[in-house]
J.: 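Shown below is the structure under consideration.
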Amino acid sequence: MCAIAGLFSSQLDRRDRVARVEAACHAMLHRGPDDGGVEDFGSMSLGMRRLSIIDVSDAGHQPMSNEDGTVWLVANGEIYNFQELRRELIQQGHRFCSHTDVEVIIHLYEEKGIDCLRYLRGMFAFALWDQRSNELWIVRDRLGIKPLYYVFHNGMLFFASELKGLLAGGCVSPKLDLQALDLFLAYGYVPSPFTLIESVRMLPAGHYGRLADESWFLQSYWTLPESGSTNWSESEILPNTRSLLEDAVTCHQISDVPIGAFLSGGIDSTALVGLMVNTGLKVKTFTIGFQEGPSSFNERTVARKTAQVFETEHIESVVSGKEIREELDRVVWAIDQPSFDGVNTYLISGVAKQGGLTVALSGLGGDELFGGYGTFRVIPQLGSKIRLLSKVPNSIQHGLIKMVGAVLPSSRRRAKWLRLSQVHRSIDLYAAIRFSLWKQERNPLYSEKFMNGLSDVSDDPGIRLLNESGLNESDWEMVRRLELMNYAGWRLLRDTDATSMAHSLEVRVPFLDHKLVEAIAGLPSVTWKRWGHPKQLLTACLGNLLPAHVLNRPKQGFQFPMELWLSHELRDIVDDVFSEESIRRRGLFSASGLRDLFSLYQNGDYPYEVIWQFVILELWLRKVFDRASEYSQGLSLIHISEPTRRTPISYAVFCL
């Protein structure tokens with residue numbers, strides 16, 4: 001639920017400070033259409049927009065405070081164990097003014113200080129102002145389900161749930177961060193803590209920031225547990241996993257407004273709906289399909305059969321390329337930062353909202369936690385072989401790689417296979433599989449201005465960023481950490497939040513309940529020899545809950561017929577983005593390099609995903625950078641000086 005924003009500045013007067021926070025909140029009205037408010041405390045202003053979900057009365061108005069008005073809170077998200085915490089806090093003498101879930105944060109902070117985070121179960125991003133000590137705390141949940149962006153400069157801190165909010169407040173100029181852009185072209189999304197706007201950072205998952213005496217401090221409060229920290233016997237693994245799944249699904253259904261679920265043809269959403277039905281809830285499910293494209297892309301038949309098995313109230317929607325064309329401008333606005341993904345969640349969220357939901361549960365996280373992706377199979381199998389291949393003389397190695405690559409059937413597989421000549425470790429292999437563009441593929445596309453703006457061109461910054469995770473783990477644990485904390489955290493969760501909240505719909509992800517994640521991630525490495533890919537622990541613990549038509553279905557990710565649309569309904573947009581006029585006007589890329597890339601795609605020698613990536617980037621730049629003045633009308637821009645040249649990538653570096 002909600003959007004939050006806040007501005008600490010001893011230099012701005014109250015009227016200016018409040019106006020900027022109000023502008024930020026107004027830009028995020030879609031996230032919280034039900035209520036809103038701003039409070040100022042002298043140098044600190046807090047604001048929010050509310051999507052009412054638990055206690056929809058006026059008592060849930062934010063910003064909210066403790067009994068004597070010395071501690072103030074704005075919060076986005078849900079605290080699933082709030083009822084238990086509330087009872088304990090009342091017994092300790094605290095008085096509540098509402099029945100909302102987030103009010104427990106205030107009173108728990110009074111009791112525990114910032115250590116209160118250990119007791120919260122949920123998805124959240126919140127800001128807490130302690131007038132007694134003149135301290136501001138901004139916090140993001142353990143897995144990064146809810147977003148929070150900030151800029152800190154010369155004692156001023158401005159934060160908001162979306163980049164649109166920061167831009168609207170006039171405290172940030174939309175200057176492109178070229179290093180972040182390079183990372184976007186590597187990954188296909190912007191990795192945390194970067195954003196494409198220079199000076200703006202995303203608060204990393206499982207971190208809090210503290211502002212006191214105009215000094216900024218960033219601290220991690222949670223990390224993924226190490227393998228072996230879960231002490232279950234072999235006979236306890238299945239029943240304990242099932243129990244945690246049931247508990248997670250039950251607590252994620254707490255709501256005072258209509259709730260339902262996304263349903264595809266896959267195991268994760270099917271398991272989720274089955275567990276929801278087992279709690280006694282009459283479930284409303286939503287599926288999306290397509291008029292065009294291969295029949296394998298359409299999961300409506302499988303989802304419809306699943307809905308019949310579980311007796312859900314099922315709603316289907318069929319999307320055409322024409323509708324995608326009509327919605328594209330709104331999708332670009334909704335995603336907040338460019339990403340290859342996001343269109344699917346945007347569309348299904350719109351269908352769910354039109355179908356009467358305010359809250360939807362998603363199966364996101366099942367693949368990352370239980371080992372559903374091919375990376376869980378390929379990297380543990382090939383890790384040692386890759387290390388051996390790296391010892392073969394380069395001429396022989398490159399010849400073998402090119403020879404095999406030439407006979408591979410798909411352009412996507414060929415492009416990634418040719419990267420093996422630069423792969424020497426398991427983490428390099430992960431990057432080769434996951435990266436959209438390899439460094440040797442990106443650099444020829446850049447203009448001289450772009451290349452000069454990069455701080456280091458000697459190695460791939462995307463791989464350096466990955467190196468901060470998983471190097472001292474087994475291949476299995478490394479892959480899960482990267483899929484869970486990086487791929488899901490940096491891409492899937494961010495895209496899901498932005499595109500669903502564009503429709504005022506809250507999406508919850510029970511598979512990423514931190515109690516479940518901690519227990520499964522903490523299982524010993526040997527567990528995965530039996531219960532690993534493809535999600536054998538998940539399917540085994542669910543017993544006969546999964547229908548045979550889903551359980552026996554080959555693994556397939558949710559896909560759009562985007563390649564077909566790019567060649568038909570979206571073709572003129574693609575042609576415009578890759579036109580020499582457009583490329584030269586933007587000034588970021590080599591016209592010949594980008595046109596060569598487009599020719600390779602047209603000849604079937606390069607995957608369509610990379611083309612879509614450049615299209616969504618250019619459309620986003622037009623909307624955000626070329627129309628920047630529309631964001632903060634009436635507000636003067638606060639000048640933020642350029643940061644000094646950056647040293648190698650690290651979270652600590654970006655505590656500006």
J.: Could you state the interatomic distance from CG (L505) to CG (L51), rounded to the nearest 0.5 Å?
T.: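 Going from CG on L505 over to CG on L51, the span is 8.0 Å.
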J.: If we ignore hydrogens and angles and just use 3.5 Å, is the side chain of R330 paired with the main-chain N or O of E326 as donor and acceptor?
T.: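 The answer is yes, because a donor-acceptor pair under 3.5 Å joins these two groups.
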J.: Please answer whether the main-chain N or O of Y189 pairs with a side-chain N or O of R491 as donor and acceptor at a distance below 3.5 Å.
T.: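 No: the side chain of R491 does not pair with the backbone of Y189.
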J.: Apply side chain to side chain contact (heavy atoms under 4.5 Å, CB included) to H424 and L429, showing your working.
T.: CA-CA 8 Å; H424 308 294; L429 180 58; over 6 Å; no
J.: Could you give the distance from CG (L185) to CG (L445), rounded to the nearest 0.5 Å?
T.: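 Going from CG on L185 over to CG on L445, the span is 8.0 Å.
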J.: Less than 4.5 Å apart, side chain to side chain, heavy atoms only: is that true for L621 and L176?
T.: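 A side-chain contact under 4.5 Å exists here.
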J.: Considering only heavy atoms from C-beta outward, does the side chain of R300 approach that of F290 to under 4.5 Å?
T.: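 Not touching, per the 4.5 Å side-chain cut-off.
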J.: Determine the interplanar angle of the W333 and H30 rings, folded into 0 to 90°, and report it as parallel if under 30°, tilted if 30 to 60°, perpendicular if over 60°.
T.: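 Rings of W333 and H30: perpendicular, over 60°.
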J.: Please give me the minimum heavy-atom distance between G6 and F158, naming the atom from each residue.
T.: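 Answer, listing the atom of G6 first, then F158: O-CD1, 2.9 Å.
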J.: Does a side-chain heavy-atom distance below 4.5 Å link T496 with V509?
T.: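 With C-beta onward as the side chain, the pair stays apart.
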J.: Could you tell me whether the side chain of S349 and the main chain of H503 form a donor-acceptor pair under 3.5 Å?
T.: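 Such a contact is absent between S349 side chain and H503 backbone.
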J.: Indicate the atoms forming the closest heavy-atom contact of F511 with L364, along with that distance.
T.: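 The pair with the smallest heavy-atom distance is CB-O, 3.6 Å.
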J.: Considering non-hydrogen atoms only, spot the tightest contact between R201 and T195 and give its length.
T.: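 Minimum heavy-atom contact is NH1-N, 3.9 Å.
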J.: Consider salt bridge (Lys or Arg N to Asp or Glu O under 4.0 Å). Of R442, K439, R419, which one does D460 pass it with?
T.: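 Going through the options one by one, the only one that passes is R442.
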J.: Measure the spacing between OG of S264 and CZ of F286 and express it to the nearest 0.5 Å.
T.: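 Those atoms lie 15.0 Å apart.
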J.: Look at the side chain of T287 and the backbone N and O of L263, then say whether any donor-acceptor pair between them is shorter than 3.5 Å.
T.: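 Yes; judged by distance alone, with no hydrogens or angles, the pair exists.
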J.: Can you tell me how far the CD1 atom of I611 sits from the CZ atom of F598, to the nearest 0.5 Å?
T.: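 The CD1 atom of I611 sits 6.0 Å away from the CZ atom of F598.
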J.: Just by modelled atom types, is the C2 backbone N or O under 3.5 Å from a matching donor or acceptor in the R31 side chain?
T.: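 Side chain of R31 to backbone of C2: a pair is present.
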J.: Taking the basic N atoms (NZ, or NE/NH1/NH2) and the acidic carboxylate oxygens, is any pair closer than 4.0 Å for R622 and D329?
T.: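 Here R622 does not pair with D329 in a salt bridge, since their nearest N and O are not under 4.0 Å apart.
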J.: Return the set of residues passing salt bridge (charged side-chain N to carboxylate O under 4.0 Å, His left out) with D141 (not counting sequence neighbours), or none when no residue passes.
T.: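 By the salt bridge (charged side-chain N to carboxylate O under 4.0 Å, His left out) rule, D141 matches no residue at all.
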J.: Compare every heavy atom of E323 with every heavy atom of V318, then report the nearest pair and how far apart it is.
T.: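 Heavy atoms of V318 and E323 come nearest at O-OE1, 3.5 Å.
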J.: Would you name the heavy atoms of S362 and V507 that are closest together and state the gap between them?
T.: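 Answer, listing the atom of S362 first, then V507: CB-CG1, 3.7 Å.
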J.: Kindly indicate, with the supporting measurements, whether the criterion side chain to side chain contact (heavy atoms under 4.5 Å, CB included) is fulfilled by T375 and L482.
T.: CA-CA 10 Å; T375 49; L482 294 175; over 6 Å; no
J.: Would you find a donor on one side and an acceptor on the other, under 3.5 Å apart, between the side chain of Q291 and the backbone of S320?
T.: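 A pair under 3.5 Å: no.
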J.: If you take all heavy atoms of D495 and G342, which pair is closest and at what distance?
T.: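 Closest heavy-atom pair between D495 and G342: OD2-N, 4.1 Å.
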J.: For a side chain to side chain contact (heavy atoms under 4.5 Å, CB included) check, start with the C-alpha distance between Q337 and L163, then their side-chain angles and the critical distance, and finish with the verdict.
T.: CA-CA 8 Å; Q337 282 200 95; L163 291 181; 3.2 Å; yes
J.: Return the orientation label for the F450 and Y446 ring planes: parallel under 30°, perpendicular over 60°, tilted otherwise.
T.: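 Aromatic pair F450/Y446 classed parallel.
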J.: Does atom NE2 of H26 have more than 12 heavy-atom neighbours, drawn from other residues, nucleotides or ligands, at distances under 6.0 Å?
T.: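 No.
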J.: Could you tell me whether a side-chain N or O of S582 sits under 3.5 Å from a main-chain N or O of F578, the two making a donor and an acceptor?
T.: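 Judged by distance alone, no pair lies under 3.5 Å.
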J.: So do I463 and W438 actually touch side chain to side chain, heavy atoms under 4.5 Å?
T.: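 In short, these two side chains touch, coming nearer than 4.5 Å.
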J.: Please identify each residue that fulfils side chain to side chain donor-acceptor pair (under 3.5 Å) with Y487, with sequence neighbours left out.
T.: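 Testing Y487 for side chain to side chain donor-acceptor pair (under 3.5 Å), a comparison that skips the adjacent residues, returns none.
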J.: Are I197 and L167 side-chain neighbours, meaning at least one heavy-atom pair lies under 4.5 Å?
T.: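 Yes, at least one pair of side-chain atoms sits under 4.5 Å.
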J.: Under 3.5 Å, side chain of R494 to main-chain N/O of I335, donor-acceptor pair present?
T.: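 Pair found, side chain donor or acceptor close to backbone of I335.
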J.: Using 30° and 60° as the class limits, which term best fits the ring planes of F435 and Y187: parallel, tilted or perpendicular?
T.: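 It falls in the tilted class, 30° to 60°.
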J.: Among M28, M501, K164, whose side-chain contact (heavy atoms from CB on, under 4.5 Å) with D336 holds?
T.: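 The residue from M28, M501, K164 that satisfies side-chain contact (heavy atoms from CB on, under 4.5 Å) with D336 turns out to be K164.
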J.: I would like to know whether L196 and L181 meet side chain to side chain contact (heavy atoms under 4.5 Å, CB included); could you show each step before the answer?
T.: CA-CA 6 Å; L196 285 186; L181 178 58; 4.1 Å; yes
J.: Do L218 and P204 have side-chain heavy atoms sitting under 4.5 Å apart?
T.: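 Side chain of L218 against side chain of P204, heavy atoms only: contact under 4.5 Å found.
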J.: Let me confirm one number: the NZ-OG distance from K449 to S590, rounded to the nearest 0.5 Å.
T.: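 It is 15.0 Å, given to the nearest 0.5 Å.
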J.: So V351 and L347, do their side chains get closer than 4.5 Å, heavy atoms only?
T.: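 Answer no - side chains too far apart.
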J.: Ignoring hydrogens and geometry, is there a side-chain-to-backbone donor-acceptor pair from H207 to L203 under 3.5 Å?
T.: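 Checking the backbone N and O of L203 against the side chain of H207, no donor-acceptor pair under 3.5 Å is found.
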J.: Examine distances only and state if a side-chain atom of R480 and a backbone atom of L369 form a donor-acceptor pair shorter than 3.5 Å.
T.: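 Side chain of R480 to backbone of L369, a donor-acceptor pair under 3.5 Å: yes, one is there.
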J.: To the nearest 0.5 Å, tell me how far I4 CD1 sits from I138 CD1.
T.: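 Going from CD1 on I4 over to CD1 on I138, the span is 8.0 Å.
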J.: Tell me, do F159 and F152 make a side-chain contact under 4.5 Å, heavy atoms counted?
T.: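 Not touching, per the 4.5 Å side-chain cut-off.
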